[in-house]
Amino acid sequence: MAAAPAGSAADAQARFGRSVKGLLIDRVTGCGTDVIALTKQVLKGSRSSELLGHAARNMVMQEDAILHSEDSLRKMAIITTHLQYQQEAIQKNIEHSSNLQDQLSHLLK
């Protein structure tokens, strides 16, 4: 009769060992899954940081292009004003020369 309690104690201990092993395996699997998820998140964050860096560089280049365009437009406005002044001067000279031609033709008659 003493053998039965010792055998059932061994059986209980074996079942307990298997139960603990099962729990440990579940925990290790869960931790492995968590590590994989964490690694994916870190990689995604790293990629996001890289994309933000590219976006920032592109934005700086666009800002430089806009500033350069504004400067070019200012210069073109100045050139346009100078061309208008020159056009007005040419028109005045043409009017003046036609008046001189009229006077010259009047004198030559």
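All of these numbers come straight from a predicted model, not from anything done at the bench.
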Pairs of donor and acceptor atoms involving the side chains of residues 29-40, under 3.5 Å and at least two apart or interchain, shall be tabulated with distances.
unit_1: Thr29; atom_1: OG1; unit_2: Ile25; atom_2: O; d: 2.8
unit_1: Thr33; atom_1: OG1; unit_2: Thr29; atom_2: O; d: 2.9
unit_1: Thr39; atom_1: OG1; unit_2: Val35; atom_2: O; d: 2.8

Checklist outcome for this item: Rounding to 0.5 Å, atoms OG (Ser19) and CG (Leu24) come to a distance of 9.5 Å

When the side chains of residues 45-67 are checked against the rest of the protein, which donor-acceptor pairs come out under 3.5 Å, sequence neighbours left out?
unit_1: Arg47; atom_1: NH1; unit_2: Glu50; atom_2: OE2; d: 3.1
unit_1: Ser48; atom_1: OG; unit_2: Lys44; atom_2: O; d: 3.0
unit_1: His54; atom_1: ND1; unit_2: Arg57; atom_2: NH2; d: 3.0
unit_1: Asn58; atom_1: ND2; unit_2: His54; atom_2: O; d: 3.4

Checklist entry - About how many Å separate NE2 of His68 and CG of Leu73, when rounded to the nearest 0.5 Å? => result 10.0 Å

Item to check | Rounded distance (nearest 0.5 Å) linking atom CD1 of Ile79 with atom CG of Leu83 | outcome: 7.5 Å

Next on the checklist: Filter on side chain to side chain donor-acceptor pair (under 3.5 Å), then keep only pairs touching residues 81-91, sequence neighbours left out; what's left?
Outcome noted: none

Item to check | Separation between CD of Gln103 and OG of Ser97, rounded to the nearest 0.5 Å | outcome: 11.5 Å

